[in-house]
Protein chains: 2
Amino acid sequence: MVASAVHSDPFPAEQTAIVDLTAVAVAVTQNEPRVLMVPGGQGGAAASLDALPSGPLEHRHRTLETGLRSWVEARTGARLGYVEQLYTFGDRGRMRDTVAGNARVLSIGYLALVQEAGAPAAGGAAWCDWYRYFPWEDWRDGRPALLDWLERQLRRWAAAGPARVDRAARKERVIVAFGLDGLPWNEERVLERYELLYEVGLVAEAAGAGTSALGQPMGADHRRILATAIARLRGKIKYRPVVFELMPAGFTLLQLQRAVEALAGLRLHKQNFRRLVEQQGLVEETGRIVTATGGRPAREVRFREEVVLERLAPGLRLPIARAAD
Amino acid sequence: MVASAVHSDPFPAEQTAIVDLTAVAVAVTQNEPRVLMVPGGQGGAAASLDALPSGPLEHRHRTLETGLRSWVEARTGARLGYVEQLYTFGDRGRMRDTVAGNARVLSIGYLALVQEAGAPAAGGAAWCDWYRYFPWEDWRDGRPALLDWLERQLRRWAAAGPARVDRAARKERVIVAFGLDGLPWNEERVLERYELLYEVGLVAEAAGAGTSALGQPMGADHRRILATAIARLRGKIKYRPVVFELMPAGFTLLQLQRAVEALAGLRLHKQNFRRLVEQQGLVEETGRIVTATGGRPAREVRFREEVVLERLAPGLRLPIARAAD
DNA sequence: ATCTATTATGCTATAATTGAGCATAAGTGA
DNA sequence: TCACTTATGCTCAATTATAGCATAATAGAT
C-alpha cells in the first residue's frame, strides 16, 4: 500500500551497543526527597563519586522494566513501586570517566518510586537528599542564597557571548531558566538549569569546570539523569496521583503536603492544597486521629485505591504560595 | 560520602544489543495528520506490512538525535524539524516477524515534526493518514461508528474474565480507556486503547487476533510506537507551542485550528480557540489577507518566533466542543 | 487554670479562566 | 439580491483559583 518503488536495504551494518539500566529510585522521608545512591561510580577513573544504581540489561529479562527491577532490588534491597522509563542517554563521550572507553554505551534511565521505610538501603547503597546535588532547586525556605552568586556568574557568561545575537540568546535562556528579571521560577525546568550550568562550567562534571563548582558532583552523566528524573516527577505529580506511591498507608494531609513540597521544592498554600486533594476524592479517612502533630490532632487518611484504575484521576495541581503557608 | 561498605562489582557480563532508531515523522497536510511510512517492513517474514522509517545507530554519530536525523533524512528526503525522544522499546520477542531472531533489539523511538510541503517523500516512503491505523481515534465527525461494534467486543471480553475481580478490573480498564458509561473520551489515551485492543486480540499484530482485526496493521511493533507518538503529541500541543512546527510560514487561525483538530481527533470551539491563541500572544499578523477561504477573508498570521526562547509559552489548551464548531 | 504556640479545618470574597453562544462582517457563487 | 460560508467581536454564566479570615483542638509553659 505504501508505494514500494525502492525497496528497503537489507539491515545494513548492524551496530551493537552496551546497554545498561539506570534507576533513579526516589523516596520521601522526614519531608526530604531522597535518591538511592551507590558509592564508587562503577569502578571508573573517578572512583569516589556517587552514582545511581545501574546494571546491565540481561538477556534473561523479557522486558526492560523487569530487568531494571530485578537488578536494583537485588543490588540495593529496595522494593520498587511505581516505575517509569525516563529517557535513553547515548551520546558518545558521555562516560568520560568510566571504563567503557570508546564503545557506545546506552543508558536507559528509569524513575522508580519507593517507600523508604520499607526499603532500608543495602549493599552499600544509601538514601541521599537530592538537594545535595541541586542546592539551587530547593525554594522551600525561600530563594536559596546561592542564587545571588549564581545569577552573577550566569549574567557574566551571557554578556561574554561572541556575537550580539549569542549574547541575547544566552541572556534569554538564563532569565527563563532561572526566573530572573521578574519571570517566575518554574520548578519543572530542572534539566534546563542543569544543562545551562554545565555549559557555563559551573558544575564539576563539565570539562572546563572552575574551582567553585556547585552541588555535589556525580559519576558519569548521572547528575543529568537525576535532573531528568526530578523534572519528570515534578511535572507528573500535577496530573497523576503518583505521590501516594511515596506515602505510608496512612498519613495526614499535612504529611502529604510536605511530601509534595519536598519534591517540588516549593511551599504550597495549605487550605487550598487540602481542598484540591479532598475535592478530587483522592483520599478517604481511615477513622484514626493522629495526635503527634504538635497542634490540633489531624485526621488520618489513606489513598483511595479505586482512583488508580477507576478514574485515573487528574493528580494534584499545585496551588503555589507567594509567601509561607 | 555514600557509605562505601560493599564496593561495586566490576561491570559484570556486559550484554550487547542491536540498537535501531525509529522515527515517527508527523506532518499535517490538507487537515489530515500524516506519518511517513516505508513499505516492506524491513525485509522480514511479513514483508508487505507498512513500517516506520528506522535505521541502525551508527558509531560515527555523536548523539542519538543526529543519528536519527541523518538516517531519516537520507532515507526519505524529509527534513526533520522538531525532534523529541519518545521511548525505548526493548521487550524480547517484540520483533516476531523480522530477521532479528533471538537477539535483543532495542528501538529508540523518536517523534519528529515536519512540514510535509517541504518534504516530498522519497526513496519509496509515503505520507499516510495516521487514522488509517487507528480509525477509532478520529472523532472529528463525531463518535466513529465502528466504536459500537468495538464496544460490544470489549464488553464481552471484560465479562469473560476468569474471576470476579478480573472481570471488574477489565471492565474498569475498558470504560476508562474508551470513555464508556458516561465517562469522557480522553484523546490522549491512545496507547492505552491500543494495548487493550492488542490484549483482546482485536488488532492483527496480536498473537490470537481474529479475522476482523481493526485498522491497518504495521510491521514489528511499529503500531505501538506510533500510538505512543500520537499520545505524546496530543498531550504536548496543550502545553508547548509545537503545532507551529507543522504549519507553513503564514497561515490563518482556522488553518491552525484544523491542524490541532487533526492531531487531537476532536473538534474545537472556534471562537474560544482564537481567544486562547491570541491571548497567549502566540501569533502575530503578517498584514496579509487570505481570500481563498470560501467566506469572509481571513487575516494571515505567523508564529511569533520570540515565544520559543523568550517565554517558552504554555502552548495551546484545547477548548473542546460538545457539538460541532 | 490560663496563656501561648502550633496545627487542623471550615468558609468566604474576589479574580481568572472556561464553555457556550449571539451577533455582525465580509467574502463567493447562483 | 439571496443563500451560503467563513471571520471576528463580544457577552454571560459557570467553574476554578487565589488569598485569607476565623475558629477548633491539641501540647507545653507559666
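In what follows, every chain begins at residue 1, and chains take the letters A, B, ... in the order their sequences are listed. Atom set for the values below is all heavy atoms of this structure, side chains included, hydrogens, waters and symmetry mates excluded.
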Would you mind checking if Asp181(B) and Arg155(B) are paired as a salt bridge, meaning a charged N to carboxylate O distance below 4.0 Å? yes

Trp136(A) six-ring face occupied by Arg143(A) cation (under 6.0 Å, within 45°): no

What integer distance in Å separates Leu256(A):CG from dT7(C):P? 17 Å

5'-most by nearest nucleotide on DNA chain D - Leu253(B) or Gln279(A): Leu253(B)

To the nearest Å, give me how far apart CZ (Phe273(B)) and P (dG19(C)) are. 13 Å

Gap between atoms CG and C1', on Asn272(B) and dG21(C) respectively (whole Å): 9 Å

In whole angstrom, give the distance that lies between atom CD of Glu300(A) and atom C1' of dT7(C). 16 Å

Would you please classify the geometry between the Phe244(B) ring and the Phe303(B) ring as parallel, tilted or perpendicular, with 30° and 60° separating the classes? parallel

Under 3.5 Å, is there any donor-acceptor pair linking the side chain of Arg274(B) to the base of dG9(D)? no

Given Glu261(B), which of Arg267(B), Lys270(B), Arg140(B), Arg234(B) fulfils the salt bridge (Lys or Arg N to Asp or Glu O under 4.0 Å) condition? Arg267(B)

Under 3.5 Å donor-acceptor, Tyr87(B) side chain and Leu86(A) backbone: no

Exercise: identify the closest heavy-atom pair between Glu285(A) and Arg302(A): O-NH2, 4.1 Å

Please state how far atom CD in Gln280(B) lies from atom C1' in dT17(C), giving the value in whole angstrom units. 11 Å

Is the closest side-chain heavy-atom distance between Leu197(B) and Leu154(B) below 4.5 Å? yes

Worked verdict on Glu84(B) versus Tyr82(B) for side-chain hydrogen bond (donor to acceptor under 3.5 Å, both in side chains): CA-CA 7 Å; Glu84(B) 155 177 334; Tyr82(B) 174 86; 2.4 Å; yes

Mind grabbing the angle between the end helix axes of the helix from dA1(C)-dT30(D) to dA30(C)-dT1(D)? Five pairs an end, 10° rounding. 10°

Salt bridge Glu188(A)-Lys238(A), side-chain N to carboxylate O under 4.0 Å: yes

To the nearest Å, how far apart are Arg275(B) CZ and dT11(D) C1'? 10 Å

Walk along nucleotides 22-30 of chain C from 5' to 3' and tag each nucleotide B, S or - by protein heavy-atom contact under 4.0 Å, base first, then sugar-phosphate. B--BBB---

Between C1' on dT26(D) and CG on Leu254(A), what's the gap in Å once rounded to a whole number? 14 Å

For the pair made of CZ in Arg267(A) and P in dA19(D), what is the distance, rounded to whole Å? 16 Å

Give the nucleotide from the list dA8(C), dT8(D), dG20(D) with an atom nearest to the side chain of Lys270(B). dT8(D)

Side-chain atoms of Glu278(A) come closest, of dA20(C), dA19(D), dG10(C), to dG10(C)

